[in-house]
**Q** 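Supplied in structure tokens, the structure appears directly below.
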There are 2 protein chains.
Amino acid sequence: MATIKDVAKLAGVSPATVSRVLSSTVVVSPKTKTRIEKAIAELDFRPNAHARALVSKSTHTIGVVISQLADPFFAQMASSIEDVAKKRKFQVLVSTGSLDAQKELTAIKSLQAQRCEAMVVNSKALADDVLIDLAQRIPGFVLINKFIPQISQRCVWFDNVAGGKVMADYMASLGHANIVVLSTKERVYDATHRLNGIRQSLSQHNINLPDQHIAYGSPDYAGGREAIEHLIEQGITFTAVLCYNDAMATGVISALTDLGRRIPDDVSIVGFDDVLLAKYCMPKLTTVKYPIDIMARKATELALSLIAKDRPLNQSDKDYQYKPFLVKRESAAKC
Amino acid sequence: MATIKDVAKLAGVSPATVSRVLSSTVVVSPKTKTRIEKAIAELDFRPNAHARALVSKSTHTIGVVISQLADPFFAQMASSIEDVAKKRKFQVLVSTGSLDAQKELTAIKSLQAQRCEAMVVNSKALADDVLIDLAQRIPGFVLINKFIPQISQRCVWFDNVAGGKVMADYMASLGHANIVVLSTKERVYDATHRLNGIRQSLSQHNINLPDQHIAYGSPDYAGGREAIEHLIEQGITFTAVLCYNDAMATGVISALTDLGRRIPDDVSIVGFDDVLLAKYCMPKLTTVKYPIDIMARKATELALSLIAKDRPLNQSDKDYQYKPFLVKRESAAKC
DNA sequence: TTGTAGGCGTTATCAT
DNA sequence: ATGATAACGCCTACAA
């Protein structure tokens, strides 16, 4: 690909002048300007972003770390980030961490090597002190899924405990007393938080939740099926199912329907996240809203504002917490 | 962030020696090596990828152009690409084109500015001659969703005409004669191709498909609902619905169920793509498989092989065409 | 084995 | 208004 020198030569000027018309920051005589523009077009010249980054010490790039691109939840997140980044003329660099601490760290390091100025990271596996260290090192570092007191102003997070409560409160209010919970077998803290919320709510309502009423599966359709089938095999009876996410909930719907149980007449089901899927499936899923799109937008703006030169100093010292709320649809009803 | 000079100074060596342990291409004395490694760790030094790109003239980066990240189909595609790229130690740069020719071109140009060595692009809007031009300019350029004769070896594509036929043939084989089609209102060629396939099949089966039996909506759940409702309002009767994609099909299921029609007893429905959703919804969707994951892998390997220095010259001259096949589930049955 | 020097493509600072 | 020149951070001959 042509360089700025090639353009300069073809236009009969110095590289400096070409650079001036590129940045249009200094006045260039109209005639030479058009001559240069013609040369640029003719050579199909595209300024080398790396050279620019090197000299300008700025890449206009925001890095994103998520566990997997194929998951609708993360796809939505990435999409929202890209949307606001684009408006600010920022490039997006996506790296995946796959729920593995080592891979997450590798992803972040690679983003650092690319000199991303801002970073929005969803870390499921890294230890808090590692994340704190990272945040202190990287000016535009923002965490999107957890709260860490020491770096609270860099945290955009969701109250998972409240989310668990919302689910359980609702089922209790519908009169359910035989409740089972489907959690994820992945060791991620948000599952623990939701479970804690559920436990708190249930004990307040004097509803028992024995350990055998909790099953663990992969956080997807198949995992939902297997987990609920496992519970049934154990001879456990129930009228309500609380699921770790919407995908598992659809698996439950499918498995129970296959067994001739009717939803919500025989069994009530609540999902989590409210991904697109929840509206699509039948019956439509009653679920807990996780406003990931709004959160992703917020996180991106926060990350970008952290590195802005004209950073308003009135950066409030608080964290950015988002609360769950119930989306009532068709999969849950009175007991 | 620390530079190679900082590391060199701290370790008491020259930058060149540091570079040597970084690339581990030349033997360095064990003592100095450990000293340097200590310095690197202490300074948390991360080699600047831009400087490297500049001098090495290689970025190890593959660019991806898709219309939108949030769409499950494209998320799957991006995910597959990232997967094989990662194995080859390539960074992935995603840009979105949003079905707009101008934006698609901007996305590609930005990828060029980043000096992506390979590119996998899904272009819905750019004219063929523009794409041909791009392919000739960019060595690692691969098209993933369409066939263009002049650059056939750079095309990984899906036979949409055959896809249309598959849907229609199946419905005909089930005895349906009153068929309606839900297409997308976006002006994309794949919709046209599928429609052509449907028309061919239907005329072979002597089934009539008047223009009023074709409705156009946005290619999603809401669009499916609206399109089918529109048809019903027109007083059109039917026993089978062919949909542009799975999301529209779920909209149709929902709308018809609301009206008390039973699927597949009263109406048969076929979707397209076989995204995850198709397995999840109720009834499970009978649909046409679009093997985007396999195709994306192939496209990535192709793009990477195109720029490989040890490129095997036995690059076959043919294109890479993928064929649809029917995934029979529950949403379609005998008339 | 290690150091020196030049250059990758661009921008910014001086001159002119 | 335009041209030299140095510098960004790194790698790679070439020397020592």
Side-chain angles (χ1 to χ4, degrees), chain A residues 1-40 43-61 91 109-117 309, chain B residues 1-40 43-61 91 109-117 309:
Chain A
M1 163 144 321
T3 75
I4 202 171
K5 288 181 189 172
D6 300 325
V7 176
K9 195 175 296 176
L10 182 58
V13 295
S14 77
T17 308
V18 178
S19 174
R20 289 193 251 266
V21 343
L22 286 177
S23 58
S24 61
T25 178
V26 185
V27 184
V28 181
S29 106
K31 316 164 226 167
T32 51
K33 182 171 179 181
T34 47
R35 210 150 27 108
I36 290 171
E37 280 167 345
K38 229 185 78 185
I40 289 178
L43 295 175
D44 194 36
F45 167 70
R46 211 90 64 218
N48 186 318
H50 302 288
R52 281 187 155 174
L54 202 54
V55 56
S56 70
K57 291 179 168 307
S58 112
T59 57
H60 253 59
T61 296
Q91 271 278 340
K109 284 185 177 175
S110 134
L111 257 22
Q112 279 187 284
Q114 301 288 338
R115 296 299 185 269
C116 285
E117 279 144 353
K309 309 189 170 52
Chain B
M1 162 141 324
T3 74
I4 201 173
K5 287 183 191 171
D6 300 325
V7 177
K9 196 175 296 176
L10 182 59
V13 295
S14 78
T17 309
V18 178
S19 175
R20 287 181 186 114
V21 343
L22 287 177
S23 57
S24 61
T25 176
V26 185
V27 184
V28 182
S29 103
K31 320 162 223 170
T32 51
K33 183 171 179 182
T34 47
R35 208 151 28 106
I36 289 171
E37 279 166 346
K38 230 185 77 184
I40 289 178
L43 295 175
D44 194 36
F45 167 68
R46 212 86 67 220
N48 186 318
H50 302 288
R52 282 187 153 176
L54 205 52
V55 57
S56 70
K57 289 179 170 307
S58 112
T59 57
H60 253 58
T61 297
Q91 271 280 338
K109 284 186 177 174
S110 135
L111 257 24
Q112 279 187 283
Q114 302 287 339
R115 296 297 185 270
C116 285
E117 278 145 354
K309 293 159 187 75

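Below, chain A is the first sequence line, B the second, and so on; all start at residue 1. Nothing here was measured: the structure is a model prediction, and the numbers come from that model.
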**Q** Could you list the residues that satisfy side-chain hydrogen bond (donor to acceptor under 3.5 Å, both in side chains) with A:S19, not counting sequence neighbours?
**A**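 Expected list: none.
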**Q** Partners of A:R46 by salt bridge (Lys or Arg N to Asp or Glu O under 4.0 Å), sequence neighbours excluded?
**A** A:D44
**Q** For B:L22, check side-chain contact (heavy atoms from CB on, under 4.5 Å) against everything at least two apart and list the hits.
**A**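 Partners of B:L22 by the side-chain contact (heavy atoms from CB on, under 4.5 Å) criterion, ordered by chain and then number, come out as B:I4, B:V18, B:I40, B:F45, B:P47, B:R52.
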**Q** I'd like to check the side-chain hydrogen bond (donor to acceptor under 3.5 Å, both in side chains) partners of B:S56; sequence neighbours left out, ordered by chain and number.
**A**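 Result, side-chain hydrogen bond (donor to acceptor under 3.5 Å, both in side chains) vs B:S56: none returned.
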**Q** Which residue pairs pass the salt bridge (charged side-chain N to carboxylate O under 4.0 Å, His left out) test with at least one member in residues 15-37 of chain B, sequence neighbours excluded?
**A**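 Checked against salt bridge (charged side-chain N to carboxylate O under 4.0 Å, His left out) - neighbours excluded - no pair reaches residues 15-37 of chain B.
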**Q** Hey, does A:H60 have a side-chain heavy atom less than 4.5 Å from the side chain of A:S58?
**A**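 Yes, at least one pair of side-chain atoms sits under 4.5 Å.
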**Q** Which nucleotide of DNA chain C is the first, and which the last, in the 5' to 3' direction, to come under 4.0 Å of a heavy atom belonging to chain B?
**A**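 The protein-touched segment is C:dT1 to C:dG9.
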**Q** Taking only side-chain nitrogens and oxygens of A:T17, does any of them come within less than 4.0 Å of OP1 or OP2 of D:dT2?
**A** no
**Q** So, using side-chain contact (heavy atoms from CB on, under 4.5 Å) as the criterion, who are the partners of A:K5 when residues are at least two apart?
**A** A:T3, A:P15
**Q** To 10°, what angle do the rotation axes through the five end pairs on each side of the helix from C:dT1-D:dA16 to C:dT16-D:dA1 form?
**A** 40°
**Q** According to side-chain contact (heavy atoms from CB on, under 4.5 Å), who are the partners of B:L54, at least two apart in sequence or on a separate chain?
**A** A:N48, A:A51, A:L54
**Q** By side-chain hydrogen bond (donor to acceptor under 3.5 Å, both in side chains), which residues pair with B:T17, not counting sequence neighbours?
**A** B:S14
**Q** Identify, with sequence neighbours excluded, every residue that meets side-chain hydrogen bond (donor to acceptor under 3.5 Å, both in side chains) alongside B:T34.
**A**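 Testing B:T34 for side-chain hydrogen bond (donor to acceptor under 3.5 Å, both in side chains), a comparison that skips the adjacent residues, returns none.
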**Q** Quick one: what's the B/S/- string for nucleotides 8-16 of chain D, heavy-atom cutoff under 4.0 Å, read 5' to 3'?
**A** BBBSBB---
**Q** D:dT2, OP1 or OP2 - any side-chain N/O from A:S29 closer than 4.0 Å?
**A**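 Result: yes.
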